[in-house]
Amino acid sequence: MPELPEVEVTRLSFAQRIAGARIDGVRMGKPLRWPLGCEPEQLVGQRVLAVRRRGKYLLLDLSEGLLMLHLGMSGSVSFGSPLAEPGKHDHFDLVTSLGTLRLHDPRRFGAVVFASDEADAAAQKLLGRLGVEPLGDAFDVATFQQALKSRNMAIKQVLLGGQAVVGVGNIYASEVLFLAGIRPTTKALRISKARAALLHGAIRQVLAQAVAKGGSTLRDFSNAQGEAGHFQLEAMVYDRAGLPCRVCAAPIKSMRQGQRSTFYCATCQKP
DNA sequence: CACGGATCCTGATGGC
DNA sequence: TGCCATCAGGATCCGT
């Protein structure tokens, strides 16, 4: 469910409401991808100062530490008071004076990890190698062109890799390449500067628009207040194999790249 | 180092 | 209460 826009929409939906809250308790369900990294009691009594985002991670700044949340493939967050009794896929509750933050994650590829601060080894392991934020000023055309020049890999794989830029997941990778007119299999280092500039613009445009519209998701995305996103109504290629291209009417093609499905229009997107 | 693949887990879907 | 194969929004880890 969660690519960068969904994570950001989730953040926006509860960051203000949880700010200043005192942590009163922690409830853990089944194990997630990684252990919490501290005793749950260590969190109790701390304050949640702010909620930030880095890539697809939600970062809760605590009065004495940092709590990193990742939604994996199937995670979603809700925040409210009171919340219903935890269901079988609710694997982490942070009970606070202002409401309960709950991670619901059927596949359990998500994680909640504590670090004493951002320089902590636990934080560096997860955040240390992340690329530049696509919606920030540091994501400039020249740097992006440079990053592509060194990669002898299909451009779609580079986008998913998270080193040239973070936050582009499997859905938006197909969408962004369609908008830029670039075939997903094109090697990154063979993309001209002009086309790299187009791709750079497409990434910013698509992600920013998805955030503005409340996040995407084909099936079940909703923010922490339970409101659904609308981007799925506008996918140009993702999950549209065999359907006519919205621009040229040629049938959308699908293929596998690195165990992930890719969708593209062979007419609109050039190698 | 760069790259490709296996891997974690549960649920939905479709073919037979 | 049918069974089995395939696929799903991520990304780390490991072998080459």
Side-chain angles (χ1 to χ4, degrees), chain A residues 1-10 29-35 37 53-58 68-77 87-92 103-113 121-131 134 147-177 184-190 206-207 210-211 213-223 228-235 237-242 254-263:
Chain A
M1 159 190 329
E3 299 184 31
L4 182 147
E6 291 73 41
V7 177
E8 178 64 7
V9 167
T10 297
K30 286 184 175 182
L32 294 164
R33 180 168 189 174
W34 295 298
R53 180 189 55 73
R54 179 73 177 95
K56 297 170 189 167
Y57 287 91
L58 288 170
M68 301 177 283
L69 273 71
H70 198 289
L71 305 184
M73 290 274 261
S74 59
S76 61
V77 157
K88 65 183 292 195
H89 299 307
D90 296 329
H91 299 302
F92 183 86
L103 175 62
H104 173 87
D105 186 5
R107 293 177 73 181
R108 292 190 283 126
F109 291 172
V112 181
V113 177
Q124 279 302 304
K125 179 182 167 187
L126 301 185
L127 309 176
R129 306 188 70 182
L130 294 181
L148 298 192
K149 263 179 19 182
S150 65
R151 303 209 148 257
N152 181 28
M153 207 191 317
I155 181 60
K156 195 222 176 192
Q157 306 275 64
V158 171
L159 293 178
L160 289 183
Q163 302 213 260
V165 60
V166 292
V168 181
N170 202 43
I171 294 177
Y172 294 111
S174 283
E175 293 298 309
V176 149
L177 288 167
T185 46
T186 304
K187 297 215 173 198
L189 52 70
R190 293 198 54 248
V206 169
L207 296 184
V211 171
K213 296 214 171 189
S216 97
T217 275
L218 263 55
R219 297 179 179 81
D220 55 5
F221 174 72
S222 60
N223 65 25
H230 307 287
F231 189 79
Q232 68 271 25
L233 302 176
E234 297 165 34
V237 292
Y238 186 82
D239 205 25
R240 299 195 70 240
S254 68
M255 61 177 297
R256 307 280 298 176
Q257 286 180 286
Q259 323 283 71
R260 314 297 299 279
S261 57
T262 298
F263 302 86

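Protein chains get the first letters and strands the later ones, always in sequence-line order, with residue 1 at the start of each. As the structure is a computational prediction, the values presented were derived from the model and not from experiment.
Residue A/Q259 contributes atom CD, which lies 14 Å from atom C1' of C/dT12 at whole-angstrom precision. Whole-Å rounding puts the A/R256 CZ to B/dA6 P distance at 12 Å. The interatomic distance linking A/Q157 (CD) with B/dG5 (C1') rounds to 11 Å, in whole Å. Protein atom CG of A/L32 is 12 Å distant from nucleotide atom P of B/dC9, rounded to whole Å. Atom P of nucleotide C/dA11 and atom NZ of A/K156 are separated by 13 Å, given to the nearest angstrom. Here the C1' atom of nucleotide C/dA8 and the CG atom of A/L71 are 16 Å apart, to the nearest Å. Straight-line distance from the NE2 atom of A/H89 to the C1' atom of B/dC9: 10 Å, rounded to whole Å.
Positionally, the nearest nucleotide of DNA chain C for A/S261 lies more toward the 5' end than for the other of A/L126 and A/S261.
B/dA6 and C/dT6 have their P atoms separated by 14 Å, with the value rounded to a whole Å. When the P atom is used for both C/dT12 and B/dG11, the distance is 25 Å, rounded to whole Å.
Candidate nucleotides C/dA8, B/dC3, B/dC8 were compared by shortest atom distance to the side chain of A/F109, and B/dC8 ranks first. Closest to the side chain of A/Y238, out of B/dA6, C/dA8, C/dA11, is C/dA8. Listed candidates were C/dG10, B/dG5, C/dC7. Nearest to the side chain of A/R33 is C/dG10. The listed nucleotides are B/dC3, C/dT12, B/dT10; the one nearest the side chain of A/K30 is B/dT10. For A/M73, taking side-chain heavy atoms from C-beta onward, the closest of the listed nucleotides C/dG10, B/dC3, B/dA6 is C/dG10. Taking only side-chain atoms of A/N152, from C-beta outward, the nucleotide of C/dC7, B/dC3, B/dC9 with the closest atom is B/dC3. Nearest to the side chain of A/H70, among B/dG5, C/dT12, C/dG10, sits C/dG10.
Contact annotation: A/R260 does not reach the phosphate of C/dA11 (side-chain N/O to OP1 or OP2, under 4.0 Å). For A/K56 and C/dT12, the shortest distance from a side-chain N or O to OP1 or OP2 is not below 4.0 Å. Regarding contacts with the backbone of B/dT10, a side-chain N or O of A/R108 is found under 4.0 angstrom from either OP1 or OP2. Residue A/K125 places none of its side-chain N or O atoms closer than 4.0 Å to OP1 or OP2 of C/dA11. Listed pair A/R129 / B/dC1 fails the phosphate criterion, with no side-chain N or O lying under 4.0 Å from OP1 or OP2.
No contact: A/G258 has no heavy atom under 4.0 Å from any strand.
A/S150 places a side-chain N or O within donor-acceptor distance of the main-chain N or O of A/A147, the cut-off being under 3.5 Å.
You'll find a donor-acceptor pair under 3.5 Å spanning the side chain of A/R107 and the base of B/dC9, going by distance alone.
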